[in-house]
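Counting starts at 1 for both ligands and their atoms, following the listed order.
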Amino acid sequence: MTSAQIIDGKAFAAVVRQKVAEKVNNLKGAHGITPGLAVVLVGSDPASQVYVRSKGKQTVEAGMNSFEHKLDAETSEDVLLDLIDSLNADPTVHGILVQLPLPSHLDESLVINRIAPEKDVDGFHIANVGLLGTGQKSMVPCTPLGCLLMLRDHHESLSGKNAVVIGRSNIVGKPMAQLLLNDSCTVTIAHSRTVDLPDVVRRADIVVAAVGRPEMVLGDWIKPGATVIDVGINRIDTADGKTKLVGDVDYESCAAVAGAITPVPGGVGPMTIACLLANTLTACCRINNIAEFDELSF
Ligand code: GUN
C-alpha cells in the first residue's frame, strides 16, 4: 500500500526544460547567442552511450547546440587533454561534460581539472567543489541539484531538517550534503562503514539514497512522514527472466511509511539531464556577462 505522495521528477523535469528553452530563445533573440554543450565519451560503455544520446537529444530540443565527441577506448591522455583544451578555447562551447567513468588508463581527476571551471557544467572541477563548499557561486553537480530542486519544491523550507545522505561519492553524496547544509539542514553522510545504518536513517526527515545497491533502504528504516529521494538506478533480473530498473530504495515498503518519495524510473533521473541543460544555460550567461538564468530558483 502506497501512502506517500509521489514526487514526479519526470513532470518537474519537463517544466525545467521548458523554462530553459524559453530563456535560450530569448538569449538568441536579444544577444544572438546560442548556448553550446560539448559531451565527450571515451569508449563504448553501453549505459554511458544511452546517457550521452539522451543528453544530445534534449540539448537540441532546448534550442541549444550539441557537440558530441566520441573517442575510442584506447585514446591516450594527451589526445583527450588536447581535445579539452580546444573545447575550452572554442567560443561556441559554453559547457563541457566528460562522461564518467573513464577507461582505467586515464586519470579522471587530471582530465576533469583540465576543463575550464566556468565551462564545467558537471561541477566536478576542484574550483567548483571549493566554491560550493564555501557557499559561493559555482557550477553545481546536476544530480544533487535535481534532488535539491525537488526537495525545495516539496518543502516550504528545508531549514533545521535532519537530512541523511547515504553514499559519499564526489558526484552525488558529498555535493548533496553540501547543498543541504547550505540550505540549513542538519546533515549526516552515511556510508558503507556507518554503524547501525537503519538507526541513523530513522532520525532523518529527508533521506537521499545514493549508494548503488538495489533496494537496500527498507521501509522500517524510514521515519513516518519523511521525504525519500532515490538516486539509484540499478538493473536487476526478475523471476520471469526479464530485467527491471530499481532504485537504492525498496519502493513498496518505503512508500508505505514515507510522506513523499521519488519513483525509479521517473524521479531523479530526468531531473539530472534537465539540470545539465540549466547549467549549460547558466554557464553561457556567466561567460557572456548576461543577466543570469537562476537555476536554483525553481
Ligand atoms: N556518469 C554518471 N553520472 C555522471 C554525471 O553526472 N556526469 C558525468 N560526466 N558522468 C557521469
**Item:** side chain to side chain donor-acceptor pair (under 3.5 Å) assessment of Asp78 paired with Ser76
**Value:** CA-CA 5 Å; Asp78 282 348; Ser76 72; 5.5 Å; no

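Residue contacts with ligand 1 do not include Tyr51, since none of its heavy atoms lies under 4.0 Å from the ligand.
The contact set between ligand 1 and Leu97, taken as ligand atoms under 4.0 Å from a residue heavy atom, comprises 9 (N).
In plain terms, the two heavy atoms of Leu97 and Lys55 that are nearest each other are CD2-NZ, 3.6 Å.
Residue-level proximity to ligand 1 for Leu100 is carried by backbone and side chain together, each with a heavy atom below 4.0 angstrom. Proximity of Val98 to ligand 1, defined as any heavy-atom pair under 4.0 Å, is confined to the backbone N, CA, C and O atoms.
Taking CD1 of Ile6 as the start and OG1 of Thr262 as the end, the distance is 10.0 Å to the nearest 0.5 Å.
In this structure, Phe124 places its CZ atom where more than 12 heavy-atom neighbours from other residues, nucleotides or ligands lie under 6.0 Å away.
Proximity of Leu37 to Met64: side-chain heavy atoms (C-beta onward) are nowhere separated by under 4.5 Å.
Residue, atom and distance of the protein heavy atom nearest to atom 9 (N) of ligand 1 are Asp122 OD2, 2.6 Å.
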